[in-house]
**Student:** 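Pasting a structure here, questions to come.
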Amino acid sequence: MSTASDEKNRKAPAGERVADWADGRLGIYGAAKGMLRKVFPDHWSFMLGEVALWSFVVIILTGVYLTLFFHPSMNEIVYEGSYVPMQGVRMTEAYASTLDISFDVRGGLLIRQIHHWAALIFVAAMFVHMMRVFFTGAFRKPREINWVFGFLLFFLSLFTGLTGYSLPDDLLSGTGVRFAQGAILATPIVGTYISMFLFGGEFPGHDIVARFYSIHILILPGILLGLVVAHLILVFYHKHTQFAGPGKTNNNVVGAPFLPIYMAKAGGFFFLVFGVITIISAIATINPVWAIGPYRPDLVSTGAQPDWYLGFSEGLIRVMPGWELNFWGHTLVLGVFIPLMIFPLVLVALAVYPFIESWITGDKREHHILDRPRNAPTRTAFGVAWLTLYFILLIGGGNDIWATHFHLSINTITWFIRIAFFVGPVVAFVITKRICLGLQRRDAEKVLHGRESGIIKRLPHGEFVEIHQPLNQGDLHTLTAHEQYKPAEIGPTVDENGVERKTSPAEKLRVKLNKGYYGEGSQIPKPTAEEYKEITSGHGHH
C-alpha cells in the first residue's frame, strides 16, 4: 500500500525533469502555452504563404547539399570528367564542378533540379501570396510593416535568384550577367566604378563567381531568413486575418488551434510541397548547363531568357528606344538608364501602396476582417493595372521568343509593347472597376431577391416567373458585412466667426482622391434592413 511520502519521494520521468529544468531557467512554458493554443482560420488562399515558406525550406536544405560539391572559382581548367562531349574543353572550375554535380555526384542532378525549381516556386508563391494580401486588404493597420517585410522578401529573392543561376558560369548565365553589367555601366558617373569594383576589373574579371557565391549562400539567405522569422512573429502577434462570416469579428479568430491541428496540417503540407517539387524536378529538366556550354565573353546563347521573375526588367530595356545624349565627351545611354530607373519604381509602387491608401482614405482603425476584392473596386482595379503592366513587360522581355514561335515581326511586337505599356494598365483599371461594380450589383440583387433556382412558375394571370430561393443567414452576413464608406469632404472654408480657414493643397488632393475611392460610381450601396424586410414580406417577391 503506497503512502503519501512514497508519492512525494517518487522521481518524475526524465523528460519531465528536463522540461522543468529548462522552464525554470528560460520561462518557456508560459510563453509557449499561449502561442501553441493560438487559433488560425482556415481558407484555401492562406496556403499560398505556406507554399512559399516550405519552398524556402527546400531551397535551404538542397542548397546546403550543393555547397559541399560546388567550387566557386573562375580558374580555368581542361575538363576531363565523365561527360564525354565536354572532355578537353577549357572551362572554369565553377562550370566543371557543376558538371560533376550533375553527372558524378550521387543524386546531384536531382538536387540541382529541386533547388532551381523550388526557387522558381518560392518566388511565384510569394508573388501570388502578396496579391492575395493586396486584393483582400490584409495589409491595413496593424500589418503595414509586415507588408513591407513581405515586399523585401520578394525583392531580395529576385537578386538571390540572379546570383544563384549565375554561379554555374555557363553561357546562359554569363549572358545574363553581361546584361546586368551593361545596365550598371549606363548609370551616370558611378557606373564604371561600380562595374570595376563588382567584377574586380574589366568584365568578366576573375572574382564575380566567388563574390556571387558569398552573396548567394551567406548574405542574402541570412537576410531572407531574418525577414521570414520577423514576418511569422508579426503574424502570431497581430493574429491572422479572416474572411467575413457568422461569428467572425475584429476581436476574435474562428479556426483551429496551432497545436495540434494546424501544426499537423502544416507538417503534412510541407511533405506535400516537397513531394510535388521533387516530382516536377524528376520529370522536367531545367537549366541543362551541359547543353549550353561554358561562358565565353565573345559568344551569346540563342534565345537567352532570364527566369520569369526578372523577365519584366529585361522587357523594359528591350522595348525602350535606343536614345542617347552626348555632351562634353560623355554619353548618357537613355535607352538603358531610363528602364533602370523605372525598374525599382514598378516594384516600390507596390511596397508603399498601404501607406498611400491609408492617407487617402483617412482610415486609421485596425482591420482583422478581409475585404472581398469586389467591395474595394478602386484598390482591385489598381492591383490588376499593376499586374497588367508587369505581364506586358514580361512579354516584352521575351519578344524574340514570341516572334519565332508565333511567326510574328519582332518590330511589331516591340511597338505593341510600347503602346500597351501606357494603354494596357488604364484599360485594365477601367474594365476591372466596372466588373467589381457589376458583381456588387449582383450581390445586392441576391440579398434582396434570393438565389435563382431555375424553377419556373406560372402566376394566375398567366405571367411566368422564376422562383428565387432566399439566402441563408450565413450568406446574407457575408454579402452585407462590408463597410459602406462615405467620401471625404473639405468642409466649410469659413468658421463661425467668419474667419477663412486655409486648406492645404495636400488636403485638397487627398479629398479628391478619396472621392475617387468612395464617391459616386465607385461603390454600390448595399441593401438596407428596411429594403430587405419590405421585399421579403411579400411585396413583389417571388
**Student:** Determine yes or no for a side-chain-to-main-chain donor-acceptor pair under 3.5 angstrom, with T175 supplying the side chain and L171 the backbone.
**Tutor:** yes
**Student:** Please check this pair: side chain of Y95 against backbone of V289, looking for a donor-acceptor N/O pair closer than 3.5 Å.
**Tutor:** yes
**Student:** Got more than 12 heavy atoms from elsewhere within 6.0 Å of CG, L218?
**Tutor:** yes
**Student:** For M320 and V336, what are the C-alpha separation, side-chain angles and deciding distance, and is it a side chain to side chain contact (heavy atoms under 4.5 Å, CB included)?
**Tutor:** CA-CA 8 Å; M320 182 71 189; V336 179; over 6 Å; no
**Student:** Within the distance-only criterion (no hydrogens, no angle test), does the side chain of W147 pair as donor or acceptor with the backbone N or O of A351 below 3.5 angstrom?
**Tutor:** yes
**Student:** Can you name the nearest heavy-atom pair linking I114 to S281, along with the distance?
**Tutor:** CA-OG, 3.2 Å
**Student:** So, taking the atom named CG in L153 and the one named CG in N146, what distance separates them when rounded to the nearest 0.5 Å?
**Tutor:** 9.5 Å
**Student:** Does the side chain of V276 come within less than 4.5 Å of I280's, by heavy atoms?
**Tutor:** yes
**Student:** A side-chain contact here means heavy atoms from C-beta on lying under 4.5 Å apart; do K433 and T378 qualify?
**Tutor:** yes
**Student:** Can you see which heavy atom on I194 is nearest to which on I184, and at what distance?
**Tutor:** CG2-CG2, 3.7 Å
**Student:** Distance check, rounded to the nearest 0.5 Å: I395 atom CD1 versus I417 atom CD1?
**Tutor:** 5.0 Å
**Student:** For the pair R418 (side chain) and V319 (backbone), establish whether a donor and an acceptor sit closer than 3.5 Å, ignoring hydrogens and angles.
**Tutor:** yes
**Student:** Are the side chains of T92 and Y295 in contact, using a 4.5 Å heavy-atom criterion?
**Tutor:** no
**Student:** If you look at every heavy atom in A186 and V333, which pair is closest and at what distance?
**Tutor:** CB-O, 4.4 Å
**Student:** Say whether, by atom type as modelled, one donor and one acceptor occur between the side chain of R143 and the main chain of H238 under 3.5 angstrom.
**Tutor:** yes
**Student:** Give a yes or no on whether F416 atom CZ has more than 12 heavy-atom contacts from other residues, nucleotides or ligands under 6.0 Å away.
**Tutor:** no
**Student:** Between I59 and H115, does the side chain to side chain contact (heavy atoms under 4.5 Å, CB included) criterion hold? Intermediate values first, please.
**Tutor:** CA-CA 5 Å; I59 292 171; H115 189 73; 3.6 Å; yes
**Student:** Taking the ring of Y353 and the ring of F134, is the distance between their centroids below 6.0 Å?
**Tutor:** yes
**Student:** Other residues, nucleotides and ligands only: do more than 12 of their heavy atoms fall within 6.0 Å of CE on M341?
**Tutor:** yes
**Student:** Can you confirm whether L53 sits close enough to F270 that some side-chain heavy atom of one is under 4.5 Å from a side-chain heavy atom of the other?
**Tutor:** no
**Student:** Per the ring pair (Phe, Tyr, Trp, His ring centres under 6.0 Å) rule, which among Y390, Y309, F122 passes with F127?
**Tutor:** Y390
**Student:** Give a yes or no on whether the backbone of I286 and the side-chain of Q113 come within a donor-acceptor separation of less than 3.5 Å.
**Tutor:** yes
**Student:** Please state whether the rings of F151 and F155 are parallel, tilted or perpendicular, taking 30° and 60° as the class boundaries.
**Tutor:** parallel
**Student:** Which distance, rounded to the nearest 0.5 Å, do you find between the CZ of F56 and the CG of L61?
**Tutor:** 10.5 Å
**Student:** Quick check: do N287 and D170 have side-chain heavy atoms less than 4.5 Å from each other?
**Tutor:** yes
**Student:** For V177 versus F203, what's the shortest heavy-atom pair and its separation?
**Tutor:** CG1-CE1, 3.9 Å
**Student:** Can you tell me how far apart CD (E144) and CZ (F355) are? Round to the nearest 0.5 Å.
**Tutor:** 5.5 Å
**Student:** Taking T380 for its side chain and T432 for its backbone only, find out whether a donor-acceptor pair lies under 3.5 Å.
**Tutor:** no
**Student:** Roughly how far apart are R140 CZ and T241 OG1, rounded to 0.5 Å?
**Tutor:** 9.5 Å
**Student:** What heavy-atom pair brings T136 and R379 nearest, and what distance separates the two atoms?
**Tutor:** C-NH1, 3.9 Å
**Student:** Could you tell me if the side chain of F199 sits less than 4.5 Å from the side chain of D207, heavy atoms only?
**Tutor:** no
**Student:** So does E202 have more than 12 non-hydrogen atoms from other groups sitting under 6.0 Å from CD?
**Tutor:** no
**Student:** If you look at every heavy atom in F429 and A385, which pair is closest and at what distance?
**Tutor:** CB-CB, 4.3 Å
**Student:** Is the W386-F382 ring centre distance short of 6.0 angstrom?
**Tutor:** no
**Student:** I111 and V105: side chain to side chain contact (heavy atoms under 4.5 Å, CB included), yes or no, with the steps?
**Tutor:** CA-CA 10 Å; I111 297 298; V105 175; over 6 Å; no
**Student:** Under 6.0 Å between ring centres: does that hold for F343 and F312?
**Tutor:** yes
**Student:** Hey, can you tell me if F103 and Y83 have their rings parallel, tilted or perpendicular (30° and 60° cut-offs)?
**Tutor:** parallel
**Student:** Decide side chain to side chain donor-acceptor pair (under 3.5 Å) for H71 and S97; before the verdict, give the C-alpha distance in whole Å, the side-chain angles of both, and the deciding distance to 0.1 Å.
**Tutor:** CA-CA 6 Å; H71 300 289; S97 66; 5.7 Å; no
**Student:** Should the heavy atoms of other residues, nucleotides or ligands under 6.0 Å from CH2 of W359 be counted, would the total exceed 12?
**Tutor:** yes
**Student:** So that I know where these two stand, are F40 and F46 an aromatic pair - ring centroids less than 6.0 Å apart?
**Tutor:** no
**Student:** Is it true that a side-chain atom of H216 and a backbone atom of T160 form a donor plus acceptor pair closer than 3.5 Å?
**Tutor:** yes
**Student:** Around atom CZ of R106, are there more than 12 heavy atoms of other residues, nucleotides or ligands at under 6.0 Å?
**Tutor:** no
**Student:** Between I369 and Q242, is a side chain to side chain contact (heavy atoms under 4.5 Å, CB included) present by the stated rule, with each step listed?
**Tutor:** CA-CA 5 Å; I369 298 295; Q242 57 188 343; 3.8 Å; yes
**Student:** Working to the nearest 0.5 angstrom, can you tell me the gap between I338 CD1 and L316 CG?
**Tutor:** 11.0 Å
**Student:** S102 side chain to T98 main-chain N or O, any donor-acceptor pair under 3.5 Å?
**Tutor:** yes
**Student:** Is N514 reaching over with its side chain to a backbone N or O of A488, donor-acceptor style, under 3.5 angstrom?
**Tutor:** yes
**Student:** Please tell me if the side chains of L227 and I223 come closer than 4.5 Å, counting only heavy atoms from C-beta onward.
**Tutor:** yes
**Student:** So do the side chains of E93 and V209 get within less than 4.5 Å of each other, counting heavy atoms only?
**Tutor:** no
**Student:** Under the side chain to side chain donor-acceptor pair (under 3.5 Å) rule, what do S522 and K515 come out as? Steps first, then yes or no, please.
**Tutor:** CA-CA 8 Å; S522 294; K515 290 181 178 179; over 6 Å; no
**Student:** When you measure from the centre of the six-membered ring of F197, is the NZ or CZ of R211 closer than 6.0 Å and no more than 45° off the axis?
**Tutor:** yes
